[in-house]
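For reference, the structure discussed in these notes is given below.
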Number of protein chains: 2
Amino acid sequence: MGTTSDLRFHGGADAYLAACPSRQVLDVLANKWTLLVMGALSGGPVRFGALRRRLDGITQKMLTQTLRTLERDGLVTRTVYPTIPPRVEYAATPLGASVTDLLSGIRVWSEEHIDEILDARDAYDARAAREPRPVTG
Amino acid sequence: MGTTSDLRFHGGADAYLAACPSRQVLDVLANKWTLLVMGALSGGPVRFGALRRRLDGITQKMLTQTLRTLERDGLVTRTVYPTIPPRVEYAATPLGASVTDLLSGIRVWSEEHIDEILDARDAYDARAAREPRPVTG
DNA sequence: CAGCATCCAATTAGATACTG
DNA sequence: CAGTATCTAATTGGATGCTG
């Protein structure tokens, strides 16, 4: 079940440690496009073009890159139907589905609290404009 | 309640739209350091130096930058005690605390499923090495 | 339709030096 | 201790052109 040199931290993963592989998972999950892609797949398989239209502002390159990463990590499957023109469907795996709700929670929270955040931002910026230079101490 | 040109999407925020301000919130929350910082503050106020030691691998610059962003968005407070040497404590606001559990959920999920992800990654890479070039169709 | 490949601009992040 | 300032290296991301 893993030697001392095994980089897999069996039963003791800690994302606060830089060398822990779970840190790499955070790099994938803690990402705007990952979050939106997984949410878009929560209702079932979606075609590449549909995803691109749904994720307003994403480029083809970023969508492809995000999907490849998710596929590699086992969160998404890619199914090619050899028709002409080709049709490719993406779907969440059971593993992916198990994290989708957590990710969607972040998105929903953002949508629900956007006004409070914009207010806080305005207040902070106004205060910063008034004060010349709030030195360290 | 906001005019047509009001950029605040009152009651209709949708992070799937590029122009929706909630998209900016995702940029802040869907970030590795934000996630770890908020988790580190879940138990109460923490000093700058303690945060830096806790978040293994973070640079002083990134920690400062992350904390400033969180402070600006009203998720974190910064309290300076005018002692010598100075002492600065960071703490989650009620707003920040309300999203911390969601963020910590992502971290815990990463730690719990790291082995499945590493296995999927290995399988994907092995397959990619075997297949010369899996053309589009 | 669903990509890949390439080039390039912009942003980000690290290292280093200095301060109240 | 808790920063700021600056310079540079690396990464990211966008635009464009081409293909099965």
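The sequence lines fix the lettering, A, B, ..., with proteins before strands; numbering per chain opens at 1.
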Nearest listed nucleotide, side chain of Pro86(A), among dC4(C), dG20(D), dA5(D)
dG20(D)
Could you check whether Arg52(B) gets within reach of a base, just the sugar-phosphate, or nothing at all, counting any heavy atom under 4.0 Å?
nothing
Please determine whether a side-chain nitrogen or oxygen atom of Thr59(B) lies at a distance below 4.0 Å from atom OP1 or OP2 of dG14(C).
yes
To the nearest Å, how far apart are Leu63(B) CG and dT12(C) C1'?
16 Å
d(CD, Glu89(A); C1', dA2(C)) in whole Å
13 Å
Closest to the 5' end of DNA chain C, once Thr64(A) and Lys61(A) are matched to their nearest nucleotides, is Thr64(A)
Could you state the atom-to-atom distance from CZ of Arg87(A) to P of dC1(C) in whole Å?
13 Å
4.5 Å side-chain heavy-atom contact, Tyr16(B) and Leu55(A)
yes
Is any side-chain heavy atom of Gln65(B) closer than 4.5 Å to one of Thr59(B)?
no
In whole angstrom, give the distance that lies between atom CG of Leu67(A) and atom C1' of dG3(C).
11 Å
Would you mind telling me which of Leu103(A), Val99(A), Leu102(A) makes a side chain to side chain contact (heavy atoms under 4.5 Å, CB included) with Leu35(A)?
Leu103(A)
Nearest-angstrom distance from the residue atom CE of Met62(A) to P of dC4(C):
14 Å
Measuring from the side chain of Gln60(A) (C-beta onward, heavy atoms only), which nucleotide among dT16(D), dG3(D), dC1(C) has the closest atom?
dT16(D)
Here the pair of heavy atoms bringing Ser98(B) nearest to Trp109(A) is OG-NE1, 3.0 Å
Does Arg47(A) make a side-chain N or O approach to OP1 or OP2 of dC1(C) shorter than 4.0 Å?
no
Around atom CZ of Arg68(B), are there more than 12 heavy atoms from other residues, nucleotides or ligands closer than 6.0 Å?
yes
Have a look at Tyr90(B) and say if it touches a base, only the backbone sugar-phosphate, or nothing, with a 4.0 Å heavy-atom cut-off.
sugar-phosphate
Can you check the Lys32(A) NZ to dG14(D) C1' distance for me, whole Å?
13 Å
Using whole Å, report how far CZ of Phe48(B) lies from C1' of dT19(C).
15 Å
Counting only side-chain heavy atoms from C-beta out, which of dA2(C), dC1(D), dG3(D) sits nearest to Arg78(B)?
dG3(D)
Please state how far atom CG in Asn31(B) lies from atom C1' in dT11(C), giving the value in whole angstrom units.
14 Å
